[in-house]
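Nothing here was measured: the structure is a model prediction, and the numbers come from that model.
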Amino acid sequence: MDKLDHLGWVVSVSFAIGDVRFAVRSTSPAFGAWLSDALGSFVVDDVEEYLYSVVVPEPPPRGRAKDFCVLYKGSSAIVRTLDPVALGRALLAELEGLGFHERADALYVMGSVIDVSGVPTLVPSSVVPTLMKLGRRAAKLGIGIPGELAVAIDLETASVVPVRPSLDLPDDVLERLADTRPRAGSNSVRFVETSEVVGAILVPARDPRSPLQTARKGYVLANLAGLALNLQEVGGRGLEALGRFVGSASCYESAWTDTGDALARFADLMKGTA
């Protein structure tokens, strides 16, 4: 039995984007209707595989505690926020990423930008579900939770840049979502809004017992190259841009056996560089 079944899914919408056919289920009919409208040209007949699941609770009565909106990829929670618009934006970013492997307008890497003590830091997106489990501890550490599990690195500037939209969506797609549900809290989810120079890169250590330490640039470059989605499309330009991206950042490696402790040590280190 799917461990998410107890949440009470009430709507399911199926899509085909590129060569990927999948379904999105939600606890909210309003959210499902918004998604169907936003991605109407991609809607297909029923697909059995649920790639994403969306929990959007009803607004609580006055005086009651607010419930979080949660985006699941498979069975892993990847975004948790009080703002349903931020949740919708994160889902659209995920769907945009389904075609990254075919694009050549930037280098796309399976990484997320988080703020650690004020320093924009790239981490492998595989650690994001674990970040979600830190809850308030992440905020106390000065860590911003990302809303994107892949980043675009500009081939000319080697900076992280906003993804250029390729899906045919209404210009006011997020405004339409806001009209269906008032925000229950501030948006604490981090998105790449403009060109950014990433100050630090944190990757898993070669030795799983290794503490936080400075990493060799070559090791980090090889690590990120392995996370690139479209190197075959961008070729040498992409690898050269990735080299400049790594070369301009401070590089670190750490074991991830305890993500909270690893990030706490990293946050202490970054306090002196912010």
Side-chain angles (χ1 to χ4, degrees), residues 72-80 90 93-94 97 100-101 107-135 137-153 158-160 189-190 192 196-232 238-239 241-274:
Y72 292 88
K73 185 173 186 177
S75 60
S76 297
I78 58 175
V79 175
R80 184 172 180 266
E94 276 289 298
F100 283 168
H101 64 287
L107 177 67
Y108 294 98
V109 175
M110 294 172 60
S112 298
V113 178
I114 63 176
D115 295 309
V116 181
S117 298
V119 179
T121 300
L122 185 78
V123 296
S125 56
S126 58
V127 308
V128 172
T130 309
L131 282 178
M132 300 301 303
K133 297 177 183 179
L134 295 180
R137 187 179 181 187
K140 291 180 179 179
L141 293 173
I143 297 171
I145 301 301
E148 298 159 296
L149 298 188
V151 295
I153 297 176
S159 299
V160 168
V189 182
R190 192 206 198 281
V192 176
E196 293 190 49
V197 176
V198 169
I201 302 171
L202 180 60
V203 298
R206 287 161 286 190
D207 183 348
R209 300 165 297 178
S210 176
L212 175 67
Q213 62 184 4
T214 302
R216 294 180 180 272
K217 300 279 187 180
Y219 170 69
V220 174
L221 177 59
N223 193 288
L224 295 187
L227 298 176
L229 296 168
N230 64 330
L231 264 181
Q232 185 173 351
L239 194 57
L242 187 61
R244 287 187 285 128
F245 175 76
V246 171
S248 65
S250 299
C251 295
Y252 304 91
E253 59 179 309
S254 176
W256 292 94
T257 50
D258 188 321
T259 300
D261 286 346
L263 288 174
R265 293 193 298 271
F266 187 64
D268 286 340
L269 178 65
M270 290 297 100
K271 287 179 182 178
T273 63

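Separation of atoms OG (S112) and CG (L131) is listed at 8.0 Å; rounding is to 0.5 Å. Atom CG of residue N230 and atom OH of residue Y108 lie 7.0 Å apart, to the nearest 0.5 angstrom. Atom OH in Y219 sits 10.0 Å away from atom CG in L224 (nearest 0.5 Å). For the atom pair NZ of K73 and CD1 of I78, the computed distance is 6.0 Å after rounding to the nearest 0.5 Å.
Sorted by first then second residue, the salt bridge (Lys or Arg N to Asp or Glu O under 4.0 Å) pairs that include residues 141-153, not counting sequence neighbours, number zero. Applying the side-chain hydrogen bond (donor to acceptor under 3.5 Å, both in side chains) test to every pair with at least one member in residues 199-210, sequence neighbours left out, gives these pairs: R206-E253, D207-R209, S210-Q213. Residue pairs meeting the salt bridge (Lys or Arg N to Asp or Glu O under 4.0 Å) criterion with at least one partner in residues 218-232, sequence neighbours excluded, do not occur; the list is empty.
Summarising the geometry of V116 relative to A267, their closest heavy-atom pair is CG1-CA, 3.6 Å, with the distance given to 0.1 Å. Closest of all the heavy-atom pairs between L231 and G238 is CD2-C, 4.1 Å. Closest heavy-atom contact between I114 and P146: CG2-CD, 3.5 Å. Residues V220 and C251 approach most closely at CG2-CB, 3.7 Å, considering heavy atoms.
For S254, the side chain to side chain contact (heavy atoms under 4.5 Å, CB included) test picks out L202, L212, A262, R265, with sequence neighbours left out. For F245, there are no ring-ring contact (aromatic ring centres under 6.0 Å, His included) partners, not counting sequence neighbours. With sequence neighbours left out, the side-chain hydrogen bond (donor to acceptor under 3.5 Å, both in side chains) criterion links Q232 to no other residue. By the side chain to side chain contact (heavy atoms under 4.5 Å, CB included) test, A249 is found to be paired with I201, residues two or more places apart in sequence or in another chain being considered. Applying the side chain to side chain contact (heavy atoms under 4.5 Å, CB included) rule to A241 yields the partners L155, R244; only residues at least two apart in sequence or on another chain are considered. For P120, the side chain to side chain contact (heavy atoms under 4.5 Å, CB included) partners at least two apart in sequence or on another chain are V113, D115, R190, E196. Shown here are the side-chain hydrogen bond (donor to acceptor under 3.5 Å, both in side chains) partners of D258, two or more places apart in sequence or in another chain: there are none. Residues meeting the salt bridge (Lys or Arg N to Asp or Glu O under 4.0 Å) test with K217, sequence neighbours left out: none.
Ring planes of Y252 and F266: perpendicular class, angle over 60° (limits at 30 and 60°).
Taking 4.5 Å as the limit, every side-chain heavy atom of R216 sits out of range of all side-chain heavy atoms of L221. Annotation: side chain of V109 is in contact with side chain of I153 (closest heavy-atom distance under 4.5 Å).
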Kindly list each side-chain donor-acceptor pair under 3.5 angstrom involving residues 122-130, sequence neighbours excluded, with atom names and distances?
| unit_1 | atom_1 | unit_2 | atom_2 | d |
| --- | --- | --- | --- | --- |
| S125 | OG | M110 | O | 3.3 |
| S125 | OG | L149 | O | 3.2 |

